Structures are given as C-alpha cells and as structure tokens.
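Each remark here refers to the structure printed beneath this line.
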Amino acid sequence: MSHRAHLFSLRIFHALREAAAEGYGFSSLSKDVLAGISVGIIAIPLAMALAIASGVPPQYGLYTAIIAGFLIPLCGGSRFSVSGPTAAFIVILYPVVQKYGLSGLLLATVLSGGILVAMAMLRLGRFIQYIPEAVTLGFTAGIAVVIATLQLRDLFGLTVVTMPEHYLEKLQVLLRAADTAHWPAMLVAGVTLWLMLAWPKLGSRVPPHLPAVIVATLLTLALNHYGYPVETIGSRFQYTAADGSVAAGIPDMLPSLQWPWDLPGADGQPLQWSSELVKDLLTAAFAMAMLGAIESLLCAMVLDGMTGRRHSANSELLGQGIGNIVAPFFGGITATAALARSAANVRAGAVSPVSAMVHAGVVLLALFALAPVLSYLPLAGMAALLLVVAWNMSEAPKALHLINTAPRSDVLVFAVCFSFTVLFDMVIAISCGIIIAALLFVREVAEMTKVADVSENPKLVSEKLAPGHKVFRISGPLFFAAADRVFAELALLCKEQQQVVILMDGVTLLDAGGLAAFDKFLTATAKAECHVMLVDLQFQVLKTLAKAKVRPIDGLLSFYPTLPDALKLLPKRQPDEFAGLTALDNPGL
C-alpha cells in the first residue's frame, strides 16, 4: 500500500463514499430498500431476545438496532455488514447488568466505543488477522455453550429468582429448579424450535424467525386463553409511560437523550463513582471492544469472500466505535456486526450500506407501530430462537473438523479457549489462547532450525577435506528459542576441529538471542582453537552482525561471500589418506 493509500485507509463514511463513487442510482436504492426490509424483519425479534438474554428489557435491543444499526453502516468501512445486538456479547453484558444495572452497561458501552475509535486511529484493524483460528473457534464455541445454558430457564419455564455469575453455579441453580419445569412453556419452545429447523427445508425465502415467532405467539395466546399461562414480554416487563403510569410490555417511542451515569444501577440508585467501579467497567469495556473488533472484522472478511469486495478494517472499527459511543445516550446497548443478518443482507441483494440503514428504519417503524403486538411474544419462543442462534454461532462442524484433523497444539489451544470461556470469561480465554498459541508456534519454528554436517555432500563440497576440517550448514531462523540449542550443538561438533565452515544461506533471521548464543559459541571455539568461517550470509543476518559490530578476528572468525571462496582455503585430503579404508568407513569411495 502506498503512503497516500495508507493515509486514507481510515476515514469516516468509507463504505458509503466508495459505493457512491461507483455510481449509485434508483436501481441500487431499490435493491437496498428491499434488502433492508428483509433484514429488518429478521432483526426485530432477535434484537429483543438478545436484550432479554443480556439482562435488560427488550426495548433496549430495539434501540440498539435503530441507533447503532444506522450509525455504524453510515460511518463504517464494510458495505454489507448489519450491526446491532449480537449473541456473542451476552456472556459479557449479563454479569455487568447483574452487578451495575443498565447504567453500568451503558457506561461500559461508551467506554468500549472509545477503545474501538482508539484502535482505529492506531491502525490496529489488520492485527485481528493474526488471531489463530483455534482461538476464535474456541471462544465462540464457549460463548455458544454459555448462551444456550442461559436460555434453559425460559425454555423449560423454570422458576429461578436470580442467576449466579459463574457457569458451574448457574448449572447448579438450573438443576435444582428442574422440578419447576412448566409444560406449556416447553410446548411453545418445542414448536418454535421445530419450525426454526424445519422451515428452511421448504425452500422458502421467508426467514424462519418470522413464521416461528408468529406460530409461537398464536400458540401462547391459545394456551393463556385456556388457563395454561406462558410468560410473555408483556407479563414480565413493564415501563413507565410519559404520564407516570406503569404499563406492560415495551414503549412505542425512542428514549430522549439521557446521560448513562444518571440512570439507576442494579440497586435502583444512580452509580456512585469509585476506583472499583472504574476498574470493573474498564475491564468490561475492553472485553466488549475486543469482541466487537473481532466479530465485526471477521464478519467483514466473510462478506468479502461472499461478494468479492474489500472492506476497510480501520474504517469499520471507527464506525463501530462511533456507534457504540452514541447509542448508549439513547438507550442502546453494545453493538457489533452480526454475521447471520449481514449474510442475509447480501443474499437479499444489498449493494451498499444504505440497506443496513434501511434495516434500522424498519426496526424503528416496528417500535412505533407494533409495540403492543410485540408484547405478546412468548419468552419460551425467544429462548428457542436464541438456542438456534447459539448453535449457528458455535460453528460445531468446523470445531469438530479442527479437533479431528488439526495438530495437537491447535487442539490444545481450542480446548483452553473453550473451557476458559465457559468457566471464567472471554478476556482470560482469548489472552491465554493467544499466549499458548504463540508459545507453541515459537517451539515449532525453533524445532525447524537444524544444523547438519555437509562435509561429505558432493553437491556442496566436491573434494574431500583434510581431517580437522568440516563444513556445517544451518537451516532456519536463529532466534532466541532456537539459537542456544543450535550453537551449543555446533560447539560440540567443533571441539576436535581446526577449521569449520558454517554455511548460513538458509538462515533468514538473527535476533538478539541469536547474537548472544553466537558470542558464547565463539568463546567456545576460541578455547578449542578452532577457526570459524561464516559463508553466504543473508541480508538481515549480515545487517544484524554489522550493527552488533561483529568483525573478523585473525585465526578465530572470518567471512566469505560464497562456499567455494571458503573451500579454496581449506586443505584437501591427500590420496594416500584413503589407504586402508573400506566402503563402510567412507561411503564416498
């Protein structure tokens, strides 16, 4: 990339400008509107279900899809990404809501948006590509397991007052409440789940969420009518209307501008600032930002593969950051690009970010026009909906393929990330996964660096060398993890020699650890009175030695451009030296 291209690789409205520059007319607009309507219909029940699973009332999911869902495509760098609340965030948001309430969640979201903007300004977008697949598969599978576990309460209609923070404690609470399972809720969940799985087999272009939610709602109305109560959005959630009265369900309006820190916390009171609060919210914000960056950029990469387009990673991070900074002031929770909705956007014929902005408008219209109807949605059906989302995001076939075919080191990284995500949290899982993956990679690369005696190789050494003279060849990088072993082995090989040639045409890297090991090696060869001749050094190695002021030393160290140049100076074995040797003693005979 040229300097000018790098300068403009981060800019606001990147994807929108790019689409406009290619020519954007009525035909493109009509395609975007149709795609936006299609995705908006999918997003309405999902946004509410994801908000409920995150521990907040369902309208906050709709606010997120509206505000962040409009701002992120407007400002971002991916043409086809559709942003809003996503399942991956549930494992981070739910504990924050439990401890600090909606106020703490919105404040952490603002902080995460600031971190995303900082990442964009520092051009960190492309670094996401360096996260190993075993890490991403591990933590996404772990998140899916946690999400599925959290749905069990509504899926079976269990009576659970509060859900503990840690996973194993959650399982204990759910198992203790197993005898409170409610068959009407299980029936609604089962029908919803069956429709979600069976509908795609009909080949219909209508997304399965829509018929599943409609049938689940009608079934719930019938069960409630005949005296078999099933909990709905309207029966669990209430809001305070403009006149001060309390109403069931969700409000049919957007909230006005409000400061997140003035909203009530978990105890119903505004947040009290403290060092512990700042530390916890910054930790949560960092986790949100990291997950948001990974999810949004992985989504953009998948969409690039589907469409043949290229996104701007840093501009996409900028758009995600702006969306997450602004949305909380209007009730929006944490948002990022959603792969399922984005893929549906592409399949529906979207051509620009306008489709994602239209999707936000569709959700807004639904909030104004359908709020009373949305209150009848059953929580058991929403839980079944999220169960399918959790399965899809787990990428179980890819995870099983990795376990069956990948090297043991990758399987270990996957297992660590998966188990740590479930048992602890995503930040610990990703950090440990990347560290373990990096250490295993370093070990594997270090083991690739070898030293070999090539004195008898006729392709390299055409004439037999006199006793006490050898040619060794090093292949691989001489960095901190490999150099000590290689040079220690060389020192042993040089003990009984007068002169050795070290062919370094296969050495691509020499770092500070390699220099230190080389210095120890020279000390050992000086004691053994062995002259070392370095041959065919690559540019990086030569540059490193020059910077370290390594110079030729008479009788100890010398440099030669090619192997023949060094071999000219070595004594050759005389013919009579072969007398008495058998073919087994010398294969060259």
Side-chain angles (χ1 to χ4, degrees), residues 33 36-72 82-85 97 101-103 105-106 109 154 207 209-210 212-218 220-221 224 230-260 262-264 323 326-335 338 341 356-383 385-386:
V33 169
I37 292 172
S38 175
V39 178
I41 292 170
I42 298 172
I44 293 165
L46 276 176
M48 292 191 294
L50 292 166
I52 294 169
S54 299
V56 298
Q59 62 265 28
Y60 292 98
L62 297 176
Y63 300 157
T64 309
I66 294 166
I67 305 300
F70 182 85
L71 285 175
I72 292 172
V82 177
S83 294
V97 173
L102 177 63
S103 178
L105 173 59
L106 297 183
T109 301
D154 290 332
H209 306 74
L210 189 58
V213 167
I214 291 173
V215 171
T217 303
L218 294 175
T220 299
L221 288 172
N224 284 335
V230 177
E231 200 170 17
T232 65
I233 286 176
S235 65
R236 179 180 292 185
F237 298 101
Q238 295 82 38
Y239 68 95
T240 304
D243 59 1
S245 61
V246 177
I250 62 175
D252 59 355
M253 64 186 73
L254 279 172
S256 57
L257 175 66
Q258 51 192 341
W259 305 116
D262 288 340
L263 293 172
V326 176
F329 291 93
F330 298 92
I333 60 175
T334 317
R341 276 161 273 173
M357 294 157 68
V358 170
H359 130 274
V362 171
V363 178
L364 178 63
L365 289 175
L367 178 67
F368 288 152
L370 301 177
V373 176
L374 295 176
S375 297
Y376 291 106
L377 295 181
L379 295 178
M382 307 294 268
L385 193 73
L386 285 185

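All heavy atoms count here, side chains included; hydrogens, waters and symmetry mates do not. The structure presented is a predicted model; accordingly, all values stated were derived computationally and were not measured.
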Legend entry - Residues in side-chain contact (heavy atoms from CB on, under 4.5 Å) contact with Val230, at least two apart in sequence or another chain: Pro184, Val188, Thr220, Leu223, Asn224, Pro378
Inset, instruction - Keeping to residues at least two apart or across chains, list the salt bridge (charged side-chain N to carboxylate O under 4.0 Å, His left out) pairs with something in residues 231-241. - result: Asp154-Arg236, Glu231-Arg236
Legend entry - Ile42 CD1 to His209 NE2 distance, which is reported to the nearest 0.5 Å: 6.5 Å
Legend entry - Pairs involving residues 37-58, ordered by first then second residue, that meet ring-ring contact (aromatic ring centres under 6.0 Å, His included) (sequence neighbours left out): none
Inset, instruction - Any chance you could lay out the side chain to side chain contact (heavy atoms under 4.5 Å, CB included) test for Leu106 and Ile333, step after step, and finish with the verdict? - result: CA-CA 6 Å; Leu106 297 183; Ile333 60 175; 4.1 Å; yes
Inset, instruction - Would you give the length of the straight line joining atom CG of Leu62 to atom CD1 of Ile250, rounded to the nearest 0.5 angstrom? - result: 5.0 Å
Inset, instruction - Look only at the side chain of Ser83 and the backbone of Gly69, and say whether a donor-acceptor pair between them is shorter than 3.5 Å. - result: no
Inset, instruction - First locate atom CG of Leu386, then atom CG of Leu50, and finally report the distance between them rounded to the nearest 0.5 Å. - result: 5.0 Å
Inset, instruction - Give every residue pair that meets the ring-ring contact (aromatic ring centres under 6.0 Å, His included) criterion with at least one member in residues 38-68, sequence neighbours excluded. - result: Tyr60-Tyr63
Pairs of donor and acceptor atoms involving the side chains of residues 356-376, under 3.5 Å and at least two apart or interchain, shall be tabulated with distances.
residue	atom	partner	partner atom	Å
His359	ND1	Ala356	O	2.9
Ser375	OG	Ala371	O	3.2

Inset, instruction - Tell me, please, which residues at least two apart from Ala68 pass side-chain contact (heavy atoms from CB on, under 4.5 Å). - result: Thr64, Ile72, Ala327, Ala335
Inset, instruction - Taking all non-hydrogen atoms of both residues into account, name the closest pair between Pro260 and Ser103 and its distance. - result: O-OG, 2.6 Å
Legend entry - By side-chain contact (heavy atoms from CB on, under 4.5 Å) - contacts of Leu210 (at least two apart): Ile41, Val206, Ile214
Legend entry - Residue list, side-chain contact (heavy atoms from CB on, under 4.5 Å) with Phe237, at least two apart or on another chain: Ile52, Pro57, Pro58, Ile233, Leu379
Inset, instruction - Considering non-hydrogen atoms only, spot the tightest contact between Gly323 and Pro328 and give its length. - result: O-CD, 4.4 Å
Inset, instruction - Please examine the side chains of Phe330 and Leu257, heavy atoms only from C-beta on, and report whether any two atoms are closer than 4.5 Å. - result: yes
Inset, instruction - Specify the closest pair of heavy atoms between Leu377 and Met48, including all atoms of both residues, with the distance to one decimal. - result: CD1-CE, 3.1 Å
